[in-house]
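To start, the structure under review is shown below, and the notes come after it.
We name chains A, B, ... by the order of the sequence lines, and we start the count at 1 in each one.
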Number of protein chains: 2
Amino acid sequence: MKSNFNDKQIIILEVAETLFAEKGFDGTSIRNIAKEAKINIAMVSYYFGSKEKLLESLILYRTSDLKIQLDNLIIEDLEPIEKINKLIELYINRINCNKGIYRILHFEFTSKKGDSNLQAFSELKKGNLKSLESIIIEGQTKGIFRKDVIIPLITPTILGTFFHFHMNKTFFQNLLNLKTEDLYNNYIKTNLTLHIQQTIKALLIYES
Amino acid sequence: MKSNFNDKQIIILEVAETLFAEKGFDGTSIRNIAKEAKINIAMVSYYFGSKEKLLESLILYRTSDLKIQLDNLIIEDLEPIEKINKLIELYINRINCNKGIYRILHFEFTSKKGDSNLQAFSELKKGNLKSLESIIIEGQTKGIFRKDVIIPLITPTILGTFFHFHMNKTFFQNLLNLKTEDLYNNYIKTNLTLHIQQTIKALLIYES
DNA sequence: TTTAAATTTAAACAGTTGTTTAATTTATTT
DNA sequence: AAATAAATTAAACAACTGTTTAAATTTAAA
């Protein structure tokens with residue numbers, strides 16, 4: 001897996017990712033990034049042009065290979081519901097592993113009006129939706145899934161559930177007694193993932 | 001419905017709410033607020049103490065009466081599933097009407113470490129969870145709801161779905177052809193609300 | 001009307017912000 | 001080894017940040 005960024009750029013990108021996720025885009029200064037990445041503050045402008053463009057590069061860096069993974073999933077020899085379950089697992093795993101890219105993606109990037117790469121991001125989301133749609137239609141033609149479901153609203157339920165949980169991390173750590181980071185991550189990987197799979201399955205199969 | 005804030009304070013609070021929702025807490029300056037509210041920049045410190053305390057006051061101002069509404073819902077003479085549907089409607093309506101308080105609540109306030117009013121906010125969330133729990137347990141003892149559901153994860157699904165949809169507003173406006181603000185809000189009030197109700201109902205009633 | 005309290009103001013404070021500059025060091029090519 | 005290109009640096013830039021001050025104005029109480 002090669003990338004368009006050199007080693008130094010990648011260091012900057014990953015430091016920026018962590019800090020943006022922790023303190024937000026506006027809450028993070030170029031000096032913060034430079035200090036953490038042990039580089040001169042001018043290097044960000046030198047390599048990326050500006051702080052905004054650094055953000056755009058970060059999105060690109062983190063989302064470029066998601067489409068491939070989804071395409072591979074679709075052609076696997078699995079029952080539709082198994083594909084859905086794997087898709088959910090894939091999403092959560094990616095988001096949870098990539099530190100805080102999700103927050104950045106949906107809260108910093110969306111609120112910036114720079115139409116430049118926002119379009120590319122929109123295309124990515126459309127592609128993801130198409131993948132999901134093809135799985136669900138497959139299930140519908142096989143007579144397994146119900147047909148009156150609003151497909152574009154399923155992604156919000158999958159991602160939104162995870163995200164809301166994650167944004168209220170401290171609250172749920174207290175409530176569910178997940179004192180260590182490991183316990184918390186493990187809860188996401190098992191219980192939360194299961195909850196989402198269970199929810200989507202119920203939605204797709206339930207007949208009123 | 002009286003409040004602890006005077007007229008001028010309320011103007012400041014509501015301007016701050018709009019701007020925080022639009023540009024984020026860090027992205028909004030006291031000078032922005034002052035200009036929009038047509039007051040001197042010193043008035044924020046004068047009335048609220050600091051920018052952070054203004055945020056805390058805003059949370060207080062917007063969440064103080066939610067608990068009462070939930071308590072009233074619980075004692076209504078309705079079937080459990082009807083109560084759940086009403087609860088979902090109540091949530092979405094509140095969040096959608098109060099401009100962008102939701103974003104502020106879960107993204108700005110959660111990431112600030114000020115332990116002062118964060119505790120109070122946590123108590124509010126715990127109270128909301130207790131309300132939901134009592135409805136679900138009622139449905140379980142009546143034999144209508146399944147018993148292996150993880151109750152604390154239902155709120156993330158309800159709120160997360162709405163929120164994810166709303167955060168990707170422009171994307172869904174394009175995708176679903178909701179050109180005007182009215183069309184968009186109407187879609188939330190009907191289709192999105194219905195989707196969430198349908199999802200939670202399926203989750204609670206479906207037997208694998 | 002005088003006095004006291006509350007409100008509003010402009011100005012200044014000390015930091016921080018993103019970005020650019022020009023000089024210097026390091027790496028690559030001729 | 002010399003020349004060229006790329007990378008890195010410290011310093012400066014003007015603009016903006018939240019907050020405080022002390023004086024001016026308005027409102028309320030005596």
Side-chain angles (χ1 to χ4, degrees), chain A residues 2-59 61 104 107-109 111-118, chain B residues 3-59 104 107-109 111-118:
Chain A
K2 67 176 175 180
S3 158
N4 296 322
F5 302 105
N6 63 42
D7 295 358
K8 194 130 272 183
Q9 280 177 302
I10 288 177
I11 291 176
I12 298 174
L13 284 171
E14 299 195 339
V15 167
E17 178 177 33
T18 312
L19 291 180
F20 286 166
E22 256 174 44
K23 320 199 290 172
F25 179 76
D26 289 313
T28 305
S29 73
I30 292 187
R31 282 163 182 84
N32 293 152
I33 299 169
K35 190 179 220 176
E36 193 81 15
K38 284 163 192 159
I39 50 142
N40 188 278
I41 53 164
M43 297 307 289
V44 171
S45 290
Y46 177 73
Y47 274 128
F48 298 97
S50 70
K51 194 188 173 190
E52 287 254 347
K53 281 184 187 161
L54 168 65
L55 177 59
E56 289 176 12
S57 295
L58 178 55
I59 305 297
Y61 174 63
I104 300 163
F107 295 84
E108 309 293 4
F109 203 62
S111 63
K112 310 278 168 251
K113 46 185 166 287
D115 298 330
S116 51
N117 284 42
L118 202 139
Chain B
S3 155
N4 296 320
F5 302 105
N6 64 43
D7 294 359
K8 193 130 272 180
Q9 281 177 302
I10 288 176
I11 291 175
I12 298 174
L13 284 171
E14 300 195 338
V15 167
E17 178 177 33
T18 311
L19 292 180
F20 287 167
E22 254 173 45
K23 321 200 289 173
F25 180 77
D26 290 314
T28 305
S29 73
I30 292 188
R31 281 166 183 84
N32 293 153
I33 299 169
K35 190 179 221 176
E36 193 81 14
K38 286 164 191 158
I39 49 143
N40 188 275
I41 52 163
M43 297 308 287
V44 171
S45 293
Y46 177 74
Y47 274 128
F48 298 97
S50 69
K51 193 187 175 189
E52 287 255 347
K53 281 185 188 162
L54 168 65
L55 177 58
E56 291 175 13
S57 295
L58 178 55
I59 305 297
I104 300 163
F107 294 83
E108 309 294 2
F109 204 61
S111 63
K112 309 277 168 255
K113 46 185 168 286
D115 299 330
S116 49
N117 282 43
L118 202 139

Inset, instruction - Would you indicate what Ser45(A) reaches in the nucleic acid, counting non-hydrogen atoms under 4.0 angstrom: base, sugar-phosphate, or nothing? - result: base

Inset, instruction - Specify whether Phe5(A) and Tyr61(A) have parallel, tilted or perpendicular ring planes, treating 30° as the upper limit for parallel and 60° as the lower limit for perpendicular. - result: perpendicular

Inset, instruction - State the OH-CD1 distance between Tyr47(B) and Ile39(B), to the nearest 0.5 angstrom. - result: 9.0 Å

Legend entry - Between dC16(D) (C1') and Lys35(B) (NZ): distance, integer Å: 13 Å

Inset, instruction - Spell out protein contact along nucleotides 8-14 of chain D as letters: B when the base is contacted, S when just the sugar-phosphate is, - when no protein heavy atom is under 4.0 Å; keep the 5' to 3' order. - result: BBBBB--

Legend entry - Short side-chain N/O contact from Ser29(A) to OP1 or OP2 of dT17(C), under 4.0 Å: yes

Legend entry - OH-CG distance between Tyr46(B) and Asn40(B), expressed to the nearest 0.5 angstrom: 12.0 Å

Inset, instruction - Could you check how far CG of Asp26(A) sits from C1' of dA15(D), rounded to whole Å? - result: 16 Å

Legend entry - Residue pair Leu13(A), Leu54(A): steps toward the side chain to side chain contact (heavy atoms under 4.5 Å, CB included) verdict: CA-CA 7 Å; Leu13(A) 284 171; Leu54(A) 168 65; 3.8 Å; yes

Legend entry - Where Thr28(A) and Ile33(A) come nearest, the two heavy atoms and their spacing: CG2-CG1, 3.8 Å

Legend entry - Atom pair CD (Gln9(A)) and CE (Met43(A)), whose distance is rounded to the nearest 0.5 Å: 9.0 Å

Inset, instruction - Using whole Å, report how far CD1 of Ile11(B) lies from C1' of dT7(C). - result: 14 Å

Inset, instruction - Any chance you could list the contact pattern along nucleotides 24-29 of chain C? Use B for base contacts, S for sugar-phosphate-only contacts and - for none, protein heavy atoms under 4.0 Å, 5' to 3'. - result: ------

Inset, instruction - Quick one: pull up CD1 in Ile10(B) and CD in Glu17(B) and give me the separation to the nearest 0.5 Å. - result: 12.0 Å

Legend entry - Non-hydrogen atoms of Gly27(A) and Asp26(B) that approach each other most closely: CA-OD2, 3.7 Å

